[in-house]
Amino acid sequence: MKDYVIAISGEAGQGINTIGDMLALSLFRNGYCVFTDKSYHSRIRGGEYVYRIRISGMPLYSMRQEFDLVVSLSKSTTLSQIEYFHDETVLVFDSDSEHVTHEEAGIPFREVKFPFKKVAKEAGEPRAQNVVSLGALLSLFRVRREIPEKLVREAFEGKEEVTRANLLALSKGYEIALPVEVPAFQPLAREYFLMNGTEGTGLGAIAAGCKFLAAYPMTPGTGVMTFLASNALKHSIVVEQAEDEIAAVNMAVGASFAGARSLVTTSGGGFALMQEGVSLAAMTETPLVIVDAQRPAPATGLPTRTAQEDLHFVIHAGHGEFPKYVVAPRTARDAFEITQKAFYIADKYQIPVIILLSQCLTDSSATIEKPTYIEEYLERAIVDGEENYKRYILTSNGVSPRAIPGGKALVKVDSDEHDEYGHITEDLKIRKEMVEKRMKKLDDLVRELSEPLKFNLDAPLVLVGWGDSWGAIDEFARSRKGVGYIHYNEVFPLDASVANLLRGKKVVTVEGNFTGQFATLLKSITGLEVKHMGRYDGRPINAAWIAKEIEREGLS
Amino acid sequence: MTYFRECEPAWCPGCGNFPLRKNLIETLDELKIPKELFVMVSGIGQAAKMPHYLEMNFFNGLHGRSLPVAFAIKAVNPRLTVVAESGDGDMYGEGGNHFIHGIRRNIDITVLIHDNQIYGLTKGQGSPTTQKGQVTSSQLQGVINEPLNPLALAITMDATFVGRTFIGDSEHFKRIVTAAIKHRGFSVVDIMQPCVTFNKVNTFKYYKNRLYDVKEENPSYDPGNKARAFEKSLEWGERIPMGIIYTRDKPSYSELHAVLKEGVVPVKDSKEFNLERELEVFR
């Protein structure tokens, strides 16, 4: 497939995010498909910051490793990215700044110098260097000029002088004819949206009627919290920044007990602190949804990089035994849809539900088709209750009709083992019945699972993936003969019947971890031999990486 | 209507929780809050078993975590009267961070702390309020850490109602706890009570001989005077002050919160979501 990768390479604090967003949005609004990702250090100023944009004629959901064009604002950052250069890579930089030489790079590349700074100064705004280069790039891709003009006006709203200077800078950028050839992409006529995983998850939560969020900030999970905070007034959501993750999870359980659909957002380290709260939700049978946006760990790990390391951790989260449901969306669109289901399942089965995201998914904007709003997922399964109400009445499916305080029934809820009323008990017969009642929910829960995505299962080699690796696996499988895949966005519980599809095949999981966590899971439910390929350097999985690993493992 | 529940509490004979329970039932019955609009949230410990021995809505959660749960219940449904109740180990030890930040939030809930200055359920270890030098089952050479002063801490953080009472004075108990529940904002009541099994220092007699009401001693005592209240809160020895030590009027969390001040959060119904409208910003 025809595509083109632009990288803006610099340091945090140079406005790279702003210019990257404007560039991606302008290309998108012109009808092209874009996929972006960000690679940065955990700091506010300085350090490497690379914003990549992959342009294509059809939607793609992973990055291509090699850069076709690099706008370099920092020599040192660009030097650190040399491994992603190919012979034809174009390096664009300001002619007044000292820059990477071929000797330093050790490889050939094409350099294009242009006086961006000088042009910005001429426009009356020396800081508009980025806007000049934005104009030059957009002109290269024949993006209609009114698109970035609107963005510049919005960015500097209320500052007339600055707006005028930036518009002039943009216009001067458009006049620059960079001596670079780029593919001609056909603008798409279909309805698409540009969304990242943070927005998909946050909007999904709002669509599901989430009315309470408690969180302690932790990268890369913070974005969902701030997304809901910025929508709080519009949708009547109580967003509380807790003193720690333990408070956050207990708050969410309390809000849910009182009747609100509640969400907690965090990353692995914060989720570790929430374990007892997960158990609490399970024991009190209080619906709870937690977002764990994974980072490479253990401990503090790499805050701004990506991984799929928390799968085993979350499916085993909390002490004691109880059912839970774990999802891992593939794309922003999927995040919107599966988040709605997460709230629905939490309510219906009165269990903790965990949404596994990753830095790559939260930060990456992609061109998505219109996501689906599923109204039936708003079903609350809350009853009025009556006098002498039994919160934990034993039922055939393990679910006891849930009332909330403030109605007719007195609602009694206990983290201790309890009787049907919710009162503390040490009656071991009741204990046994309560364990069976809680675990019974799994029977129906498994029937709620959707089929995983399947592709070319006649092939001898079947790759298995989960979460945000779908784009890379799909792209790779479609580029080869003899490769199929199965891809999951609901990762726990799993339906064991998948064994029928995999028997007799070479089965290899592709995962963002060292140990092959999904492979272990798949082995345990199917009894089949499953190999794994793991990426654990903090970078996202992409098709080229899969190809290399397949070759290294002698699987092709 | 009564909050009384026919049951056999699992406390030691002579436990301070028995008179506390009786006082509490009388207080709640006299307050006449409809039972369906009252919720008690407790943690873990002997004190935290209280809601099981009353007839009410309750959430008996985790050790130390009653305050975050109570906060969220009140935020989501302001019609409910919410009381968090637990012991000194639960509220000042395990839940100490939530105590501090609960005060900062000033949500309209009442916190009742059964302060017997010892761990009961786990059999006699020192608690954050155990006195220096006291020998316990885990501090065999005596406690060397300074005790936590809950009233001083609450006043420093500007809790809007800070009181102390005693289980042995039921009229005083009712007066202070009633005032705490009626107070709009975060109310803290440190309740002195003996642990007959594990605390041989702070006995019923110990408290009885030392506790005095600040207002009875000095009718001109002004609980609105923060400096004076702080000074009073430091008093601990031959004489121990009780009563309303500090109180002030301050808007509560829900009155300041941009969403909550507009009204109750529509928790059960949220069909106003319009996908087309929401997607506009992603075009």
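Naming: A, B, ... by sequence-line order, numbering from 1 per chain.
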Relative to chain A, which segment of [X] carries a heavy atom at a distance below 4.5 Å: side chain, backbone, both, or neither?
{"X": "Ile73(B)", "answer": "both"}
{"X": "Leu62(B)", "answer": "both"}
{"X": "Phe38(B)", "answer": "neither"}
{"X": "Ile100(B)", "answer": "neither"}
{"X": "Arg5(B)", "answer": "side chain"}
{"X": "Arg283(B)", "answer": "both"}
{"X": "His52(B)", "answer": "both"}
{"X": "Val69(B)", "answer": "both"}
{"X": "Leu279(B)", "answer": "both"}

>> Quiz question: by atom type and distance under 3.5 Å, do the side chains of Tyr373(A) and Glu276(B) form a donor-acceptor pair?
In response: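 The answer is no; no qualifying pair exists.
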
Any [X] side-chain heavy atom under 4.5 Å of [Y] side chain:
{"X": "Val238(A)", "Y": "Tyr253(B)", "value": "yes"}
{"X": "Phe257(A)", "Y": "Val39(B)", "value": "yes"}
{"X": "Phe212(A)", "Y": "Val76(B)", "value": "yes"}
{"X": "Glu55(B)", "Y": "Leu410(A)", "value": "yes"}
{"X": "Asn60(B)", "Y": "Lys412(A)", "value": "no"}
{"X": "Pro405(A)", "Y": "Leu80(B)", "value": "yes"}
{"X": "Ile237(A)", "Y": "Val259(B)", "value": "no"}
{"X": "Val413(A)", "Y": "Asn57(B)", "value": "no"}

Please flag which part of [X] lies under 4.5 Å from any non-hydrogen atom of chain B: side chain, backbone, both or neither.
{"X": "Ala409(A)", "answer": "backbone"}
{"X": "Tyr421(A)", "answer": "neither"}
{"X": "His418(A)", "answer": "neither"}
{"X": "Ser256(A)", "answer": "neither"}
{"X": "Val249(A)", "answer": "neither"}
{"X": "Ser236(A)", "answer": "both"}

>> For Arg104(B), is there an ion pair with Glu243(A) - N to carboxylate O distance below 4.0 angstrom?
In response: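 No salt bridge links Glu243(A) with Arg104(B).
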
>> Could you check whether Lys234(A) pairs with Glu278(B) (Lys NZ or Arg NE/NH1/NH2 to Asp/Glu carboxylate O, under 4.0 Å)?
In response: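 Answer for the salt bridge query: yes.
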
>> Show, in sequence, the C-alpha distance, side-chain angles and deciding distance for Phe336(A) and Leu275(B), and conclude whether the side chain to side chain contact (heavy atoms under 4.5 Å, CB included) test is met.
In response: CA-CA 11 Å; Phe336(A) 176 79; Leu275(B) 182 63; 3.6 Å; yes

How far apart are the closest heavy atoms of [X] and [Y], and which atoms are they?
{"X": "Pro68(B)", "Y": "Ala247(A)", "answer": "CB-O, 3.5 Å"}
{"X": "Ala255(A)", "Y": "Ala72(B)", "answer": "N-CB, 3.4 Å"}
{"X": "Gly61(B)", "Y": "Ser415(A)", "answer": "O-OG, 2.7 Å"}

>> Let's go through Phe59(B) and Val411(A) carefully: what are the C-alpha distance in whole Å and the side-chain angles of both, what is the deciding distance for side chain to side chain contact (heavy atoms under 4.5 Å, CB included) to 0.1 Å, and is it a yes or a no?
In response: CA-CA 8 Å; Phe59(B) 189 101; Val411(A) 185; over 6 Å; no

Return the option, out of [options], with the maximum number of heavy-atom pairs under 4.5 Å with chain B.
{"options": "Ile246(A), Val253(A), Thr284(A)", "answer": "Ile246(A)"}
{"options": "Asp414(A), Ile368(A), Leu233(A), Val239(A)", "answer": "Asp414(A)"}
{"options": "Met195(A), Arg261(A), Lys408(A)", "answer": "Met195(A)"}

> Checking side-chain contact (heavy atoms from CB on, under 4.5 Å) against Phe282(B), which of Leu194(A), Leu203(A), Leu25(A) comes through?
Replying inline: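 Between Phe282(B) and the candidates, side-chain contact (heavy atoms from CB on, under 4.5 Å) is satisfied uniquely by Leu203(A).
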
Taking everything shown except [X] itself, do over 12 heavy atoms lie less than 6.0 Å from its [atom1]?
{"X": "Glu387(A)", "atom1": "CD", "answer": "no"}
{"X": "Tyr216(A)", "atom1": "OH", "answer": "no"}
{"X": "Lys250(B)", "atom1": "NZ", "answer": "yes"}
{"X": "Glu146(A)", "atom1": "CD", "answer": "yes"}

> Quick one: of Glu262(B), Met40(B), Arg79(B), His257(B), who has the most non-hydrogen atom pairs under 4.5 Å with chain A?
Replying inline: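 Highest number of pairs under 4.5 Å: His257(B).
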
> Between Leu260(B), Asn97(B), Asn77(B), Ile44(B), which shows the greatest number of heavy-atom pairs under 4.5 Å with chain A?
Replying inline: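 Most heavy-atom pairs within the cutoff with chain A belong to Asn97(B).
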
>> Check the orientation of His423(A) and Phe58(B). Use parallel for under 30°, tilted for 30 to 60°, and perpendicular for over 60°.
In response: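 Tilted, since the angle between the ring planes falls between 30° and 60°.
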
> When you look at His98(B) and Asp244(A), which way does the side chain to side chain contact (heavy atoms under 4.5 Å, CB included) test go after all the steps?
Replying inline: CA-CA 9 Å; His98(B) 311 313; Asp244(A) 55 36; 3.5 Å; yes

>> Run Phe71(B) and Glu240(A) through side chain to side chain contact (heavy atoms under 4.5 Å, CB included) and show every step you take.
In response: CA-CA 10 Å; Phe71(B) 157 77; Glu240(A) 180 64 8; 3.7 Å; yes

